[in-house]
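Here is the structure we will look at, set down as structure tokens.
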Amino acid sequence: MPPSPAPPPRWPPSCVPAAPGRRSARPRSPRAPLTEETYRGRHISVDPVSAAVRIDGRPLHVMRRADGSYLSAVNHFQSYDTPLEAARAAVDELGTTQLALAAPHHG
């Protein structure tokens, strides 16, 4: 006698795939709005979720330190409490100079 077919998988209710062409009724969490400001004539935007920072539309590389503070590629020897503070310090350091569009890679 051949083996009986396996029963269909039982999905937890939160994992049941939607029917083709239908979207899930589960609400998506809203994305936090960007923090934006003009500081010394420069436009700064900070994504509070990813801590991505832009100055005049150009990316500023910001890293979170183990102690929870932030540093940037422009001011990498000083720590700041927030990515916005790191961006303001970068603007102070840059003056009228623009950030490069892409940082060179080592290697």
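Everything quoted here is computed from the prediction, not taken from an experiment.
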Apply the hydrophobic cluster definition, ILVMFWY joined by side-chain contacts under 4.5 Å directly or through others, and give me every member besides L71. M63
Full working for side chain to side chain contact (heavy atoms under 4.5 Å, CB included) between Y80 and V62: CA-CA 10 Å; Y80 301 93; V62 174; over 6 Å; no
Contact list for residues 74-97, test salt bridge (charged side-chain N to carboxylate O under 4.0 Å, His left out), sequence neighbours left out: E37-R88, R40-D92
Non-hydrogen atoms of P83 and V53 that approach each other most closely: CB-CG2, 3.9 Å
Can you tell if the side chain of Q98 reaches within under 4.5 Å of the side chain of D56, non-hydrogen atoms only? yes
List the atom of A73, the atom of H76, and the distance in Å for their closest heavy-atom pair. O-ND1, 3.3 Å
Mark yes or no for whether T38, through its side chain, and G41, through its backbone, hold a donor-acceptor pair below 3.5 Å. no
May I ask you to test the S79-R65 pair for a side-chain heavy-atom distance under 4.5 Å? yes
Nearest heavy-atom neighbours spanning R42 and G95: NH1-O, 2.5 Å
Looking only at heavy atoms, the pair that brings S45 and E36 closest together is CB-CG, 3.8 Å
Hey, does I55 have a side-chain heavy atom less than 4.5 Å from the side chain of V91? yes
May I ask whether L34 and V46 are part of the same hydrophobic cluster, defined by side-chain heavy atoms of I, L, V, M, F, W, Y residues being less than 4.5 angstrom apart, directly or through others? no
Would you say that I44 contacts T35 through its side chain, given a criterion of any heavy-atom pair below 4.5 Å between the two side chains? no
